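First comes the structure, then the notes that go with it.
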Amino acid sequence: MSTLTLSLSSLAAILVLIGLRVPIGVAMGAVAFFGFWYLRNFNVALSALSDTPFVFAANWELSAIPMFLLMGAIASNSGIGTALYRAAHAWFGALPGGLAVATNWACAGFGAASGSSIAAAATMARIAVPEMLKAKYDKGLATGVVASGGTLDALIPPSILFVIYGVFAEVSVAKLLIAGIVPGLLTAAVYMIMIMVRCSLDPSLAPKVEFPDQEALWRERWDSLKGIWPVLVLIIGVMGGLYAGVVTPTEGGAVGAFLAAIIGVLQRQLSFEGFIDALKDAISTTAQLFFVGIGAVIFTRFLALAGTADMFTEMIGQWALNPLLLVIAVSIIYLILGCFLDPLGMILLTIPVFVPMFAKLNLDLVWFGVLVVKYIGIGLLTPPVGFNIYVVASATKNEIPLQTIFRGCYWFLACEVVIMTLLIAFPQISLFLPNLMK
Amino acid sequence: MNRLLAWLQKPIDLMLWLALLAGFLMMTHVTVDVACRYLFNRPLEGTTEIVAGYYMVVAAYLPWAWLASRDRHIIAGVFQRIGTPRFDFWLEIAVKLFTAAYVSVFTYQTFLAAMQRTRAGEVWLAGTMYLPVWPSRWMLPIAGAFMVIYLVLRVLSDIVDPRRREAGGGPTEP
């Protein structure tokens with residue numbers, strides 16, 4: 001069997017198994033196992049599972065994952081979502097589409113405390129969607145902004161996807177985390193402009209919320225900051241520490257989680273049960289990730305043995321003169337995969353194939369990481385399998401039809417075309433901050 | 001069969017709590033290390049190795065059986081079943097057995113590795129001390145074995161118990 005046939009049939013086998021609802025980690029690991037058996041022999045296949053799982057987990061860099069998850073879960077259980085929405089509502093509520101704009105920025109703020117898009121979409125859907133519907137907002141807009149705003153979470157540090165990408169692609173995790181900041185803020189800004197323009201042109205989408213008493217409004221604005229400033233200071237501290245190289249991602253996450261717990265207790269927002277729930281959430285998600293991760297590591301080894309990356313690099317040899325073509329081709333593949341795969345499956349399945357190609361062409365892997373995480377965010381919104389859409393539907397008790405939520409996301413996906421064009425055309429948007437780091 | 005599953009749930013829950021403890025210790029240990037480094041200029045020795053060699057391994061593996069008992073291993077859950085309920089039921093059984101077979105290979109191989117490292121008395125150099133990491137090696141076969149036992153019992157229970165069969169064999173724990 002040629003390398004091309006072997007590589008493509010292994011990818012196809014994984015997709016078929018995933019389609020049969022085999023756990024993604026098992027699908028990748030089992031296909032890799034049979035691949036080793038085919039290429040070498042049964043004993044080599046067995047030995048792939050011998051030392052690798054321990055070495056993979058006993059890893060200091062990956063320990064950022066449980067710590068980031070814990071920091072987000074503690075902040076979430078301390079009511080940070082509600083406090084952020086209250087503040088964003090007070091500061092942005094008077095703009096056209098004000099509640100949607102507020103939700104958008106509350107999602108960005110939530111993203112700075114948490115590392116998972118799905119958690120952000122679920123939390124903000126419960127808080128913001130009922131408020132927007134009460135104000136007679138268009139259902140598509142109300143749910144679309146939550147589903148789309150949730151994707152900001154993967155870009156704005158801390159971000160689990162960047163940690164996973166960094167470890168697998170052998171790129172500095174700290175640089176990746178810092179690289180996500182500007183694209184994340186850019187995304188939120190473009191979303192905000194789109195919401196304001198749409199709501200100005202068609203006020204029926206979002207009836208204006210009146211604030212007749214300006215004095216009371218300003219009082220509420222300052223009051224609302226009281227609930228969030230400690231967490232904001234904490235977030236800026238963690239990001240600053242990462243940027244300055246004072247703390248590693250794991251240390252930033254651990255100290256962030258510890259201080260978030262102290263703040264939650266002092267503000268009387270975090271109970272003992274809330275803390276245990278946060279731990280359970282963070283650790284069970286970590287174990288889920290490692291179950292898939294081991295399958296992915298073994299699959300990566302199999303692809304390396306099969307020579308897949310070299311073959312693809314040779315195949316695209318003539319494109320190398322124009323990396324833009326490669327980026328566009330990879331973009332199309334990500335958009336297609338995003339329609340069917342979950343974020344983790346998508347990142348772990350593609351990194352072993354694409355990263356060596358980018359590395360051989362001397363393209364910046366931090367920049368590519370930002371693009372990958374953006375595409376994964378877009379994949380969370382595209383039908384038929386937009387995970388954030390399902391999360392929002394379930395968080396709003398399935399009272400809003402899926403089609404309405406998908407329809408609401410189309411405008412945000414249109415914004416993504418603009419954002420992706422900017423990120424691809426101007427790599428400096430992603431690389432400016434990390435290049436300033438030591 | 002259900003009584004066996006209920007009994008099995010106890011060690012499965014215990015393993016989850018051990019993993020939660022590891023998560024808590026990881027947070028606290030790293031925070032204390034950072035505080036000692038910047039406040040007293042004296043970092044704790046071996047933090048990196050202890051986090052990687054102990055806490056991470058416990059947190060990443062011990063909850064596997066608990067995840068299985070709640071059907072929470074990541075699947076592409078949005079691929080809707082298109083067959084008849086009977087076909088779907090048997091497909092689900094096949095998927096569970098396939099998963100159990102994969103995890104069995106994992107368990108056996110990590111067991112052999114753990115035996116070998118235990119005999120060799122595997123240690124890591126952490127600062128100026130030697131950290132014995134061979135006990136951590138045992139977390140993997142233990143986690144894998146409980147997951148396999150759970151999956152096999154669950155398959156048997158789903159096949160034997162007509163009520164669970166009619167319900168499509170959902171998780172044994174909510």
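Note: hydrogens, waters and symmetry copies are ignored here, and every other heavy atom, side chains too, is used. To find a chain, count down the sequence lines: A is the first, B the second, and so on, and within it residues start at 1. Everything numeric here is computed off the predicted structure, so don't read it as measured data.
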**Message:** Let me confirm one number: the CG-CG distance from B/L21 to A/L279, rounded to the nearest 0.5 Å.
**Reply:** 9.0 Å

**Closest non-hydrogen atom pair between B/L67 and A/A287, with its separation** = CD1-CB, 3.7 Å

**Message:** What I'd like to find out is whether the side chain of A/L70 reaches to under 4.5 Å of the side chain of B/M27, using heavy atoms alone.
**Reply:** yes

**Message:** If you define the side chain from C-beta out and look only at heavy atoms, does anything of B/R137 sit under 4.5 Å from A/D51?
**Reply:** yes

**Item:** From B/T31, B/V34, B/V32, residue fulfilling side-chain contact (heavy atoms from CB on, under 4.5 Å) relative to A/F258
**Value:** B/T31

**Atom CG of B/N41 with >12 non-hydrogen neighbours under 6.0 angstrom** = no

**Prompt:** Going by residue number, which parts of residues 113-120 of chain B are within reach of chain A, meaning a heavy-atom gap below 4.5 Å?
**Reply:** B/A113, B/R117

**Prompt:** Roughly how far, to the nearest 0.5 Å, is the CG atom of A/L20 from the CZ atom of B/F98?
**Reply:** 10.0 Å

**Asked** Taking atom OG1 of A/T52 and atom CG of B/L140, what is their separation to the nearest 0.5 Å?
**Response** 11.0 Å

**Request:** Counting only heavy atoms closer than 4.5 Å, note whether A/L259 contacts chain B via side chain, backbone, both or neither.
**Result:** neither

**Item:** For the student: nearest non-hydrogen atoms of A/I283 and B/G23, plus distance
**Value:** CD1-CA, 3.7 Å

**Asked** Listed by chain and number, what are the ring pair (Phe, Tyr, Trp, His ring centres under 6.0 Å) partners of A/F36, not counting sequence neighbours?
**Response** none

**Asked** Is B/Y102 close to A/P23 at the side-chain level, that is, under 4.5 Å between some pair of heavy atoms?
**Response** no

**Heavy-atom contact with chain A under 4.5 Å, split by part of B/Y38** = side chain

**Request:** State whether the number of non-hydrogen atoms from other residues, nucleotides or ligands found under 6.0 Å of B/R37 atom CZ is greater than 12.
**Result:** yes

**Prompt:** Taking C-beta and beyond as the side chain, do B/W17 and A/I276 meet within less than 4.5 Å on heavy atoms?
**Reply:** yes

**Message:** Between B/Y61 (side chain only) and A/P53 (backbone N and O only), is there a donor and an acceptor less than 3.5 Å apart?
**Reply:** yes

**Prompt:** Side chain, backbone, both or neither: which part of B/L16 has a non-hydrogen atom closer than 4.5 Å to chain A?
**Reply:** side chain

**Prompt:** Side chain, backbone, both or neither: which part of A/A282 has a non-hydrogen atom closer than 4.5 Å to chain B?
**Reply:** neither

**Message:** I'd like to check the ring pair (Phe, Tyr, Trp, His ring centres under 6.0 Å) partners of A/Y334; sequence neighbours left out, ordered by chain and number.
**Reply:** A/F354, A/Y375

**Message:** As an exercise: rank A/G25, A/S63, A/A45 by heavy-atom pairs under 4.5 Å with chain B and give me the winner.
**Reply:** A/S63

**Message:** Working to the nearest 0.5 angstrom, can you tell me the gap between B/L112 CG and A/L46 CG?
**Reply:** 9.0 Å

**Item:** Heavy-atom pairs under 4.5 Å with chain B, option from A/V246, A/I65, A/L17 with the top count
**Value:** A/V246

**Item:** Close side-chain approach of A/V26 to B/F106, heavy-atom, < 4.5 Å
**Value:** no

**Message:** Does any backbone or side-chain atom of B/L20 lie under 4.5 Å from a heavy atom of chain A? Answer side chain, backbone, both or neither.
**Reply:** both

**Prompt:** Can you tell me how far the CZ atom of A/F54 sits from the OG1 atom of B/T110, to the nearest 0.5 Å?
**Reply:** 11.0 Å

**For A/F290, ring pair (Phe, Tyr, Trp, His ring centres under 6.0 Å) partners two or more places apart** = A/F56

**Message:** Less than 4.5 Å apart, side chain to side chain, heavy atoms only: is that true for B/V103 and A/F291?
**Reply:** yes

**Request:** Let me know if A/V292 has heavy atoms under 4.5 Å from chain B in its side chain, its backbone, both or neither.
**Result:** side chain

**Message:** Measuring from atom OH of B/Y108 to atom CG of A/L49, what distance do you get when rounded to the nearest 0.5 angstrom?
**Reply:** 13.0 Å

**Asked** Among A/T286, A/T250, A/I294, A/V247, which has the most heavy-atom pairs under 4.5 Å with chain B?
**Response** A/I294

**Request:** May I ask you to test the B/M56-A/P66 pair for a side-chain heavy-atom distance under 4.5 Å?
**Result:** yes

**Message:** Is the shortest side-chain heavy-atom distance between A/R21 and B/L91 below 4.5 Å?
**Reply:** no

**Fill in**
Ranked by heavy-atom pairs below 4.5 Å to chain A, first place among B/T47, B/T48, B/V57, B/V105 goes to B/T48

**Nearest heavy atoms of B/Q109 and A/S50, plus distance in Å** = OE1-CB, 3.7 Å

